[in-house]
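Bear in mind the structure is a predicted one, so any value in this text is a computation, not a measurement.
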Amino acid sequence: PLTTSKADCANYAASRIWTAEEEDLIPVFPEEMPVPAEVMTFARRFVKSREFKAPINNMCWRGGTGFGKSTGAEILACILHTPFVRITCSSQTELNDFLSQFVPNPDTDSGALAASLPTFEEIKMDPVGAYEVLTGKIDESIEADAVMKARDEALVARSNASHFKLVVSPFVTALEKGWIVEPSEFGRIRDSATLVGLNNFDKPGSRIPLPTGGYVRRHHDAMVLWTDNVGYNSSRPVDPSFMRRMDFVIDSYELPRERALERIKLNTGFDDDQLLDEMYQVWEAIKKYCKDRDITEGDISIVELERWVQLVMIEGESAITDTCREAVVSKACSDPETLQEIMDGCVATTMAALTTSI
């Protein structure tokens, strides 16, 4: 549990002194929170290498979606009692995005201009339409993250310079102050040169340029935990020179059954062990069915099983089949015939077999 893990790293945690604002950036979890073994591996190697000439500060955690990597990164920051920030990468992420960003200038009235552009909700609901409004171009494959960046650029382009100011990015702030930063989904970055450009900042004491001129030095205890979901259609190969800068890489693809069930029970409060085990078996059967038939449009992770459990808690066990379709099967693809095939050929037969075996 978290209590024991904190005790293992107590000396290091006590050595770091933070301001009130920095304390607010330290994640908080219940003391009984289970700590994944991978998280303690990151923590132990980081702490024990503090006196090394080349300490372990750059780590990578990649694998299947829904495994819990980002939550694990926050638990790591909680254990080490260190401020934590996250950067979510997209296909449009560039080197400058890691170094600086434009933010509204509170001394000017930029609200009216921002209101004239697509809202964040509109971008999520219709990224293609929002992108056309912003740029006049139609891109059927555009992602919401890329549209959000186009919106920021439009704000700058359509306003006077005084409406916005260029500031240091959270990534640079974390490196300077000795925080933990998690750049997530780095495998989606389209331009491989973006990550290669960060190779110069991988060691304590590295010079990091500031957008306003000058530079700062990377703190001795600044940690970068890179996380990535492998298998997305939008994922791209990562330049080997960047991966060589990782001190080590942990690959986590399949969450062990015991850990999966423990996590779901903790997150949902579901206490029917027999029903949960049966739902887990159905979920596993759906995953195998889709893999065997090359149904790969979508993704079925442990998150889908957790959402199914929540829907059953709300609707009752009598709705277990309908909620399975809504929370799990619907994530496999969008074709109605294929969805029905999964329901008839997998879900119905698996549920029937489980009922017969009881």
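- From L266, atom CG reaches atom CD of E32 across 7.0 Å, with rounding to the nearest 0.5 Å.
- Remark: the S301 side chain and the E304 side chain contain an N/O donor-acceptor pair separated by less than 3.5 Å.
- Not counting sequence neighbours, the partners of D97 by the side-chain hydrogen bond (donor to acceptor under 3.5 Å, both in side chains) test are K149.
- Counting heavy atoms from C-beta on, the side chains of C290 and I300 come closer than 4.5 Å.
- Annotation: side-chain hydrogen bond (donor to acceptor under 3.5 Å, both in side chains) contacts of R86 (sequence neighbours excluded): E74, E182.
- The salt bridge (Lys or Arg N to Asp or Glu O under 4.0 Å) check on D273 picks up K265, with sequence neighbours excluded.
- The closest side-chain donor-acceptor pair between T173 and W179, if any, does not fall under 3.5 angstrom.
- By the salt bridge (Lys or Arg N to Asp or Glu O under 4.0 Å) test, K288 pairs with D292, sequence neighbours left out.
- The backbone N or O of I320 lies less than 3.5 Å from a partner atom in the side chain of T323, making a donor-acceptor pair.
- Between W308 and F270, the gap from one ring centroid to the other reaches at least 6.0 Å.
- With contacts defined as side-chain heavy-atom distances shorter than 4.5 Å, the pair Y280/I264 does not qualify.
- Side-chain contact annotation: T194 with E94, donor-acceptor N/O pair under 3.5 Å absent.
- For the pair R293 and Y289, the distance from NZ or CZ to the six-membered ring centre is under 6.0 Å and the angle to the ring normal is within 45 degrees.
- Sorted by first and then second residue, the side-chain hydrogen bond (donor to acceptor under 3.5 Å, both in side chains) pairs with a member in residues 309-321 read R307-Q310; sequence neighbours excluded.
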Using the rule given for salt bridge (charged side-chain N to carboxylate O under 4.0 Å, His left out), can you reason through E38 versus K69, listing the C-alpha separation, both sets of side-chain angles and the distance that settles it, and then say yes or no?
CA-CA 9 Å; E38 296 90 342; K69 299 181 292 297; over 6 Å; no

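- Under the salt bridge (Lys or Arg N to Asp or Glu O under 4.0 Å) criterion, R257 pairs with D277, sequence neighbours left out.
- Not counting sequence neighbours, the partners of P256 by the side-chain contact (heavy atoms from CB on, under 4.5 Å) test are E258, R259.
- Minimum heavy-atom separation, V347 to I286: CG2-CD1, 3.8 Å.
- Taking the centre and axis of the six-membered ring of F46, the NZ or CZ atom of R50 falls inside the cone set by 45° and 6.0 Å.
- Between S252 and I250, some side-chain heavy-atom pair lies under the 4.5 Å cut-off.
- R188 and Q92 share no side-chain donor-acceptor pair at under 3.5 Å.
- Legend: residues meeting side-chain contact (heavy atoms from CB on, under 4.5 Å) with S49, ordered by chain and number and at least two apart, are F52, P55, I56.
- No option in T227, L255, V303, I302 other than L255 meets the side chain to side chain contact (heavy atoms under 4.5 Å, CB included) test with F67.
- Ring geometry, F248 versus F42: the interplanar angle falls under 30°, so the pair is classed parallel (tilted spans 30 to 60°).
- In this structure the side chain of L198 reaches within 4.5 angstrom of the side chain of F171, judged on heavy atoms.
- Here E262 pairs with nothing under the side-chain hydrogen bond (donor to acceptor under 3.5 Å, both in side chains) rule; sequence neighbours left out.
- Not counting sequence neighbours, the partners of Y215 by the side-chain contact (heavy atoms from CB on, under 4.5 Å) test are R207, R217.
- Qualifying side-chain contact (heavy atoms from CB on, under 4.5 Å) partners for N58, counting only residues two or more places apart in sequence or in other chains: D202, R218, V224, D247.
- Residues L80 and Y12 are in side-chain contact: their nearest non-hydrogen atoms beyond the backbone lie under 4.5 Å apart.
- In this structure, K177 has no side-chain hydrogen bond (donor to acceptor under 3.5 Å, both in side chains) partners at least two apart in sequence or on a different chain.
- In this structure, R245 and S241 have side chains that are not in contact, with every pair of non-hydrogen atoms separated by 4.5 Å or more.
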